[in-house]
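Encoded as structure tokens, the structure appears first; notes follow it.
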Amino acid sequence: MKIAFLTIATNKYIDMAKALYESMCTYAFPDNSVEVDFLCFTNLPHEFDTLSGRINCKPIYLTHVPFPLISLLRYQYYSSIETILKNYDYVYHIDCDMLLKDSIGGEIVENRVCVIHPGFSFQGIDVNTLPYDRNQKSKAYVPLNEGKYYYQNCFQGGLSCEFVNMCKTLRNDIEENLRENYIALWHDESYMNRYMINNTPTLILPPTYAQPESWKSLGPTKILHVDKNHKEVRMAI
Ligand code: GAL
């Protein structure tokens with residue numbers, strides 16, 4: 001079995017992507033039951049030249065664009081390598097500012113996999129308080145009383161063909177809204193959440209797969225979402 005982890009890291013984010021790669025070499029399918037590739041879209045591909053580890057690292061050239069476009073356009077980027085993605089059994093997106101803190105393996109492998117957003121993970125939450133995009137002109141629009149869970153888009157994936165199909169749909173939704181100068185409330189995350197209402201995830205991972213660094217622990221952390229130094233981020237974008 002072959003699995004690809006996709007990330008996007010331009011400018012200063014490259015250091016975070018390198019740290020993510022190192023953590024994946026330690027914790028991603030450590031039993032070597034699976035061949036894992038790390039595909040990083042970056043404008044600094046040579047930064048990976050000196051890295052070596054258990055996991056194959058494959059940089060893909062990407063011209064930098066400022067946030068939020070760099071995140072919003074991920075489905076355009078990922079669709080552009082559709083033929084490569086189809087060589088994998090499973091494909092996951094992971095934000096470059098994340099670090100694996102514990103082993104991940106077979107428990108994440110399913111057709112459509114999402115992580116519950118740590119901010120909206122408590123039981124019995126009123127769906128009308130979830131931060132879906134409520135603007136009717138949005139292709140990510142979710143009317144009141146629709147939806148059930150809200151997912152964090154920092155880690156998401158599944159079966160390769162499912163992931164590729166999702167990327168195509170979301171790329172079209174995002175392009176259509178961009179043509180009307182509209183970007184959904186939480187960018188790519190809003191579009192992904194709309195998609196998952198129509199295409200229910202087959203596996204919902206707990207928020208410990210997206211634990212914000214400075215938040216109260218939600219349980220034993222699997223994947224840490226590293227706090228950004230906002231001064232650094234502004235320099236990067
Ligand atoms: C924040 C997170 C954003 C977005 C938002 C949704 O905690 O930083 O990326 O997910 O929650 O309300």
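These numbers were taken from a predicted model, which means no experiment stands behind them. Both counts, for ligands and for their atoms, begin at 1 and track the order of listing.
- Scanning for side-chain hydrogen bond (donor to acceptor under 3.5 Å, both in side chains) contacts around Lys148 gives an empty result, with sequence neighbours left out.
- Nearest to atom 2 (C) of ligand 1 among the protein's heavy atoms is His117 NE2, 4.0 Å.
- Salt-bridge check for Lys86 with Glu82: passed, with a basic side-chain N closer than 4.0 Å to an acidic carboxylate O.
- Atoms of ligand 1 lying under 4.0 Å from at least one heavy atom of Pro131, given by number and element, are 6 (C), 12 (O).
- Taking a cutoff of 4.0 Å between a charged side-chain nitrogen and a carboxylate oxygen, Glu180 and Lys137 do not qualify as a salt bridge.
- Closer than 4.0 Å to atom 8 (O) of ligand 1 lies none of the heavy atoms of the protein.
- We find that Asp188 and Arg74 are joined by a salt bridge, their nearest charged nitrogen and carboxylate oxygen being less than 4.0 Å apart.
- Nearest protein neighbour of atom 10 (O) of ligand 1, counting heavy atoms only, is Glu189 OE2, 2.6 Å.
- Ligand-side atoms of ligand 1 in range of Phe120: 12 (O), range being under 4.0 angstrom from any heavy atom.
- Using cut-offs of 30° and 60° for the angle between ring planes, the Phe120 and Tyr150 rings count as perpendicular.
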